[in-house]
Amino acid sequence: MILDNGTKIRLESTIFIIKRQSAHAQNNLSPKNGQTKTTMASIKPILASDAVHVKGKHLFKNDGTQFIIKGIAFPTPPETMLTEDHRGYHSEAWLKILHQLRDSELEFNAVRMYRMYPERVDYSEFFRGAAELGVYVIVPLTAASGPGVLDRKLAAPKCYKPKLFKYGARAIREYLRYPNVLAGVVGNEVMNDEKAWRSAPCIRAYARDLKVFMDSMVEEGAANRTLPLIYAAQDSATIGGAAVDKDTVMKLTVDYLTCSEEGKGVAVPDMAGKEPTHGIEHFSENKFGQSPIDIYGVNIESWCSSTQDFYKNPDGTPGSYYSLWQALRNSSIPIIFSEMGCPHSQFDRDDLERKTKEGTRDWAQIPVVLDDMGDSWSGFVAYTYDGPKDFIMFDGGEWNGKDVLTPTKDFENFKHQLKKISRYETNITLDEFDDGRFLPSRCDDVETDLLSCCGVRLFNDEKMPSYSHMIDVHTGREVNNNMWLTMAAFVLALGATFWIHKNSRAKRIGVEGVSLLNGNSIENVEYKSISS
């Protein structure tokens, strides 16, 4: 049935709400927006003590228990809404989706957001509502337009501008107010080819400046924690031509983004006060003293067959997840699948007996990520609630920014696989954790590898600009440019005073010299201008 307001979505979402309403008492309806309240007893709100940090190769909560990301990509409001003052943000609509996922008994703990405007929009109601539902949020620290753009088309250092740092620093000040903001993405699929790799030093410089800024916030009491930083790489990125396989590219990328000047040497904790603020020991002894990123994300589209397993592809070649795990397992930081899911059009495409018209995915890789890859991987974000049609889990879209969509068989499969690992228990606690074996590579070695294998020559990292002290950690305002103008004026005034004093002294000496030549004592000389 098509309603007068134009789409089928509204009717379907209404049916969904009515069905849920029949399963709950009337007093379970939220008087604010009419959505059903989630009443699952197992859901615990996220408190300040539940903030997640990084230690070595894993994620931990503040109580010392290991944290595994079990996430889903959140839909982006339609373009027509992004021009409005609220930039497509409607807290009630966004929270409806989280309630829908909870009410469906999906055992997830995180969502990844793609477009947010923290400099213009107050997201506090959404973050707090998500925390009440036990949902962590991965946020973007760049933007598609405006000051938050990191332009991959520009080579370093031109791709890193002061306005990008100001955007990121102000965003972080906002996000650190909420303990369920899990991490921030400083770049998404930026270095996808040889030309785009020229912007790689900008990723490192931006991330380092944000870390210095966050450490200053902790030191000055403006924050009680720092936010882990993620770079999300495209699994199909290519550099160096066909001779360089994509797993090697993934390893070179993480090696570059975590490399240090001293390499596999003495560990240098990243400190703010008395405790490691990022929860990770950084091994760089360069002038910044920090590894630029904390978590390496891989956006992956493989696992495209229901006969796939961890070790082998259907054609007998090494499994795509296995070969990637082999390439990255010795990385010095946590790895996640920042986007995970085969395109519907590719799933079982060569197996006519199993292929469905919709290309329904089985999501059988989920136990693999948390079991076979669990020594290095810290979870995943399944792609996606709604977005590109080749990846969606819900019907009725494009999402209109207001109403929930209808779950598909693809979503049901995803939910089923999550239930399989619902009792998955990690065997690592912070107290017994030791990752001293996994140290980053030397930057010189990584840059040599990039040049020899792939022809990539990068701008000198040490010459990248730093803007880390441009924003006041307490107010979020730009450090007063008038201060610099005042200092400049003071210097000019001091110089002018010195010049006047020097000139007056020269005139005085000139008069004294004339007086002495005339046989007069200095005391009797009347000081006059030499020109008078």
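In this text, all values refer to a predicted model and were calculated from it rather than measured experimentally.
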Verify, without hydrogens or angle tests, whether [X] (side chain) and [Y] (backbone) share a donor-acceptor contact under 3.5 angstrom.
{"X": "Y296", "Y": "M250", "result": "yes"}
{"X": "T408", "Y": "M393", "result": "yes"}
{"X": "T356", "Y": "G359", "result": "yes"}
{"X": "N109", "Y": "I69", "result": "no"}
{"X": "H344", "Y": "R361", "result": "no"}
{"X": "K211", "Y": "S291", "result": "yes"}
{"X": "Y206", "Y": "P201", "result": "no"}
{"X": "K312", "Y": "D309", "result": "no"}
{"X": "N313", "Y": "G316", "result": "no"}
{"X": "H90", "Y": "E92", "result": "no"}

Side-chain heavy atoms of [X] within contact of [Y], under 4.5 Å:
{"X": "L450", "Y": "W197", "answer": "yes"}
{"X": "M340", "Y": "V369", "answer": "yes"}
{"X": "F67", "Y": "S378", "answer": "no"}
{"X": "Q308", "Y": "Y321", "answer": "no"}
{"X": "R87", "Y": "M81", "answer": "no"}
{"X": "H99", "Y": "L101", "answer": "no"}
{"X": "R198", "Y": "R152", "answer": "no"}
{"X": "K70", "Y": "L418", "answer": "yes"}

Self-check item: Residues Q100, Y385; criterion side chain to side chain donor-acceptor pair (under 3.5 Å); working and verdict
Solution: CA-CA 11 Å; Q100 178 192 26; Y385 182 100; 2.6 Å; yes

Could I get the full list of salt bridge (charged side-chain N to carboxylate O under 4.0 Å, His left out) partners for [X], not counting sequence neighbours?
{"X": "E79", "value": "R115"}
{"X": "K415", "value": "E412"}
{"X": "D348", "value": "none"}

Gap between atom [atom2] of [Y] and atom [atom1] of [X] - 0.5 Å precision:
{"X": "K158", "Y": "C202", "atom1": "NZ", "atom2": "SG", "answer": "11.5 Å"}
{"X": "S302", "Y": "L324", "atom1": "OG", "atom2": "CG", "answer": "7.5 Å"}
{"X": "T384", "Y": "I392", "atom1": "OG1", "atom2": "CD1", "answer": "9.0 Å"}
{"X": "L98", "Y": "R102", "atom1": "CG", "atom2": "CZ", "answer": "8.5 Å"}
{"X": "I300", "Y": "S236", "atom1": "CD1", "atom2": "OG", "answer": "10.0 Å"}
{"X": "S305", "Y": "F347", "atom1": "OG", "atom2": "CZ", "answer": "6.5 Å"}

Taking the six-membered ring for Trp, are [X] and [Y] parallel (under 30°), tilted (30 to 60°) or perpendicular (over 60°)?
{"X": "Y311", "Y": "Y322", "result": "tilted"}
{"X": "F165", "Y": "F213", "result": "perpendicular"}
{"X": "F126", "Y": "W94", "result": "perpendicular"}

Practice problem: State which residues pass side chain to side chain contact (heavy atoms under 4.5 Å, CB included) with S331; sequence neighbours excluded, sorted by chain then number. | Solution: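 By the side chain to side chain contact (heavy atoms under 4.5 Å, CB included) rule, S331 matches V254, L328, I335.
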
Looking at [X] versus [Y], is the centre-to-centre ring distance below 6.0 Å?
{"X": "F394", "Y": "F411", "value": "yes"}
{"X": "W325", "Y": "F310", "value": "yes"}
{"X": "Y123", "Y": "Y89", "value": "yes"}

Please check if any side-chain donor atom of [X] sits under 3.5 Å from a side-chain acceptor atom of [Y], or the reverse.
{"X": "T317", "Y": "D315", "value": "yes"}
{"X": "N192", "Y": "Q234", "value": "yes"}
{"X": "S338", "Y": "N299", "value": "yes"}
{"X": "N188", "Y": "Y114", "value": "no"}

Quiz item: When you look at L106 and K419, which way does the side-chain contact (heavy atoms from CB on, under 4.5 Å) test go after all the steps?
Solution: CA-CA 8 Å; L106 180 71; K419 282 185 179 295; over 6 Å; no

Quiz prompt | Which atom of V381 lies closest to which atom of I72, heavy atoms considered | solution =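 That would be CG1-C, 3.6 Å.
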
Self-check item: Taking every non-hydrogen atom, the tightest pair across P334 and L59
Solution: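 Taking every non-hydrogen atom into account, CG-CD2, 4.1 Å.
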
Self-check item: For F414, all residues meeting ring pair (Phe, Tyr, Trp, His ring centres under 6.0 Å), sequence neighbours excluded
Solution: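 Partners of F414 by the ring pair (Phe, Tyr, Trp, His ring centres under 6.0 Å) criterion, ordered by chain and then number, come out as W363.
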
Self-check item: Pairs touching residues 362-391 that satisfy disulfide (SG to SG under 2.5 Å), sequence neighbours left out
Solution: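 Applying disulfide (SG to SG under 2.5 Å) to every pair that reaches into residues 362-391, excluding sequence neighbours, yields nothing.
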
Quiz item: Would F380 and I68 count as a side-chain contact (heavy atoms from CB on, under 4.5 Å) if you check the C-alpha gap in whole Å, the side-chain angles of each, and the deciding distance to 0.1 Å?
Solution: CA-CA 8 Å; F380 57 84; I68 302 294; 5.9 Å; no

Could you list all the salt bridge (Lys or Arg N to Asp or Glu O under 4.0 Å) pairs where at least one residue sits in [range], not counting sequence neighbours?
{"range": "residues 378-391", "result": "none"}
{"range": "residues 325-343", "result": "R112-E339, R329-D375"}
{"range": "residues 134-151", "result": "D151-K153"}

Quiz prompt | Within residues 176-185 or reaching into it, pairs that qualify as side-chain hydrogen bond (donor to acceptor under 3.5 Å, both in side chains) - sequence neighbours excluded | solution =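 Sorted pair list: E174-R177, E174-Y178.
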
Quiz item: Are E194 and C454 close enough, and set up right, to give a side-chain contact (heavy atoms from CB on, under 4.5 Å), and what steps lead you there?
Solution: CA-CA 8 Å; E194 287 92 339; C454 313; 5.6 Å; no

Please tabulate, for the side chains in residues 127-149, all donor-acceptor contacts under 3.5 angstrom to protein atoms that are two or more places apart in sequence or on a different chain.
{"unit_1": "Y136", "atom_1": "OH", "unit_2": "D50", "atom_2": "O", "d": "2.6"}

Self-check item: For N413, the option from H416, Q417, K409 that meets side chain to side chain contact (heavy atoms under 4.5 Å, CB included)
Solution: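 That would be K409; it is the only one of H416, Q417, K409 passing the side chain to side chain contact (heavy atoms under 4.5 Å, CB included) with N413.
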
Self-check item: Identified side-chain hydrogen bond (donor to acceptor under 3.5 Å, both in side chains) partner of K251 from the options T248, D247, D255
Solution: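 That would be D255; it is the only one of T248, D247, D255 passing the side-chain hydrogen bond (donor to acceptor under 3.5 Å, both in side chains) with K251.
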
Practice problem: Mind checking disulfide (SG to SG under 2.5 Å) for C304 and listing every partner two or more places apart, or none if nothing turns up? | Solution: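 Partners of C304 under the disulfide (SG to SG under 2.5 Å) test: C342.
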
